[in-house]
Amino acid sequence: MRLDETYGVLLTLHDWQMAGLSYSLYEKDRQRGHLSTTGRACQGREVEIVYDKLREDRKRVIDAVFGSTIERISDQPALVEHIRPDAKARDFFNSYRPEGDASRYVKRIKEYTNDAILLNAMHDLYNERSAYRRARNGKAPSKEAFFLEQIAALGHPDIAESYPNTLPTSVRRLKNKYDTYLKDGYGSLISAKFANDNARKVTEKIERLLVALYSMPNKPFCSSVKDLYDMFLTGKITVFDKETGEVFQPEDFRRNGEPVELSESTIWNYLNQAVNRAVADKRRNDGLYYNNLHRPHHHRKSPQYSFSKISMDDRDLPRLLVGGGRIKAYYAYDVASGCVIGAAYSLKKDDKLFLDCLRDMFRLIDRNGFGIPMEVEVEHHLVNHFADTLMRAGAVFPFVRWCAAGNSQEKRAEHLNRAKKYGAEKQMQEQPIGRWYARHEAYRTPSKKVNDEYVERQYDYEVLVAEDLAAIREFNNSVHPRKKTYGGMTRWEVLKSHLNPELQPLGKASLYRYIGERTECSIARSQYVRVQYEKYQLSSPEVMRLLRPNDYNVTAYYMKEEDGDIPRVYLYQGDTFLCACEKIVAYNEARCEQTEADRAAMQEQAKYVARYDRLIKDRMPDRVGLLLPETLHADPDERELQVDIPEAEAKHTRGMELVPDYSEEAMRQMALADI
């Protein structure tokens, strides 16, 4: 049921039947001319019956059911039938950010959206009427009459109550608003007071000055900002920009030539607006405070597999050393399981501490047969020396992620440091973890006051390291916090059972060049090098063929086990990898005292000597002789070579085998020599 400008109230066939009238009665009345319709039903369009052309008895039946509805529709403006929601208008006005007071604009968002909806309805209604009249060769409707009708429609309760708006109530202004809206869109509906700074008492310039004064290094109070602002406007102090050197002029901060006086509460309100508060905190405080309180952060989830990513970070152990100071610790964590997979301790935070942590991690990887982690996460401040070598992507780790300094939320190791500190460490140690000045009593450590200074209890280096290693074991064997995902498995069980299937094996030969220790040495007896007073045998005698001419000097890279043992070393000559050398095991030469290990060592050495002998034998040159061209026979196939070798040159012919001369003259000379 709807209202039409030409026919009045129109009923659908569904409305006819809802009133209790049958379809057969509709057919009979239509055939007898007792009702008329607006056209045939086609292409999804329903039949519409003209209410005013019905018989009176039919009207009474319909009025008994729809009387109030028909009365309301009859009185309803035609504009109502064309009102449709406008989601684009709602999104535009919600996302618009005015330069003035945003709180005042928020109250107008619904009205501006309704303005757009109503102007859209007017546009549709005007086009419909124009099209109807053109189809009948009539003139377009008069705009003055049309907008006069729409002003009346805007005052109708169905529109005024359901669609509160800010549209003008005069024909000329409504027509201008309509034309401007069709030309410029949604933005033309916004009042000018929200699009400029003129209506504000505290202009954008004054607001920025207040925030600048509040952000000075001495962290002034709000009352101090008011005093500074008043002194600036009266010329008692000069304010300038430290970066550009520009001097601010008080005249630029006046309104109509008069200084803008502000109360302390007004200044406080502007300083504590969301954006101004964030700007001031960034200037007044360190980056950690600003990041944790204001700056948006990434929302991530942990990797599915262990060793997909590891995160490394340093920290100071919480308790004090004997003599003052704290132990510097460096940890490597597997992000998926949360396990500590490497740890190192020192009194100094330097490159060695970082390398020792990596060495400890790779010893654990080697013992358990894991692979190279796919990605490592580190900070610049301690690791930047290795950016072009060890920490270059692809050198050891396929991916390297550099974290911004001072952003603790970014690095996973920071979160795991806290979980370990207030988890395993706090549970295992007798004394509480924290500081003597901590606000919460659970984190406050015991201390005593000596000479007006608070003194913490002090501990030996070995005790603190041993306790931290015990805390690491406890932490690794604790239940993983994601119990639903891992079914109550410990961190260590998650680490071992969820290894990334794409891990590459540990290439110690190249890895130890970056993180291992090194010793310059030389190959002795074509068999071994001496490193840390131990002998290490070449993997094969053929390695000797890789050496540079007349150069037996090599570099041995190695890494000690936890007990200080060096099981093998890796030899390089320059950038060329030669081989991995195993330690030579000396065996007992007395047969009666030999063990199985002695016999295995003896056999291993015998194999090496045999391979070396075979190498020398295979490379042994052929025995050759020389034919010296002294005398030539007529027959070219029977040439004799005789050479008189001077005594001075005789020494150079040692080792050469000459062909004996069996000519008659030579035999005669030999016989005479014997006589």
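Atom set for the values below is all heavy atoms of this structure, side chains included, hydrogens, waters and symmetry mates excluded.
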Any side-chain heavy atom of [X] sitting closer than 4.5 Å to one from [Y]?
X	Y	result
H498	S337	no
T519	V529	no
V260	F253	no
D468	I327	no
F307	L495	yes
R208	V211	no
S497	M489	yes

Output every pair passing salt bridge (charged side-chain N to carboxylate O under 4.0 Å, His left out) with a member in [range], not counting sequence neighbours, ordered by first then second residue.
range	result
residues 299-312	K309-E377
residues 476-489	none
residues 214-229	K226-D230

Does [X] come within less than 4.0 Å of [Y], counting only side-chain N to carboxylate O?
X	Y	answer
K420	E425	yes
R277	D281	yes
K560	D565	no
K88	D91	no

In terms of relative ring orientation, are F92 and Y186 parallel, tilted or perpendicular, with 30° and 60° separating the classes?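 Tilted.
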Trace of the ring pair (Phe, Tyr, Trp, His ring centres under 6.0 Å) decision for Y558 with Y536: CA-CA 11 Å; Y558 58 92; Y536 294 84; 8.0 Å; no
Rounded distance [0.5 Å steps], [atom1] in [X] versus [atom2] in [Y]:
X	Y	atom1	atom2	value
N276	S215	CG	OG	9.0 Å
D313	C403	CG	SG	8.5 Å
I472	I341	CD1	CD1	11.5 Å
I566	E534	CD1	CD	8.0 Å

So, does S311 use its side chain to make a donor-acceptor pair with the main chain of A413 at under 3.5 Å?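 The answer is yes, because a donor-acceptor pair under 3.5 Å joins these two groups.
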Pairing residues for K349 by the side chain to side chain donor-acceptor pair (under 3.5 Å) criterion, not counting sequence neighbours: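 With neighbours one apart ignored, the set is D314.
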Qualifying residues under side chain to side chain contact (heavy atoms under 4.5 Å, CB included), relative to [X], sequence neighbours excluded:
X	result
A329	R315, L317, Y331, Y345
A580	Y570
L228	L213, M216, I237

Does D241, at its CG atom, have more than 12 non-hydrogen atoms belonging to other residues, nucleotides or ligands within less than 6.0 Å?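 Yes, the 6.0 Å shell around CG holds more than 12 heavy atoms from other groups.
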Tell me every residue that passes ring-ring contact (aromatic ring centres under 6.0 Å, His included) with [X], counting only those two or more places apart in sequence or in another chain.
X	result
Y528	none
Y229	none
F475	none
F386	F354

The single option from R363, R359, R367 passing salt bridge (Lys or Arg N to Asp or Glu O under 4.0 Å) against E562: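 Result: among R363, R359, R367, R367 is the only option passing the salt bridge (Lys or Arg N to Asp or Glu O under 4.0 Å) with E562.
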So is R295 actually on top of Y290's ring, under 6.0 Å and inside 45° of the axis?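 Because its charged atom misses either the 6.0 Å distance or the 45° angle limit, R295 does not stack over Y290.
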Which atom pairs, donor and acceptor, lie under 3.5 Å between side-chain atoms of residues 500-513 and protein residues at least two apart or in another chain?
residue : atom : partner : partner atom : Å
N500    : OD1  : E502    : N            : 2.8
N500    : ND2  : S308    : OG           : 2.8
Q504    : NE2  : E502    : O            : 3.4
K508    : NZ   : D366    : OD1          : 2.9
K508    : NZ   : D366    : OD2          : 2.5
S510    : OG   : G507    : O            : 3.3
R513    : NH2  : D575    : OD1          : 3.3

Decide whether R491 and Y486 meet the rule of one side-chain donor and one side-chain acceptor closer than 3.5 Å.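 Per modelled atom types, R491 and Y486 side chains form no pair under 3.5 Å.
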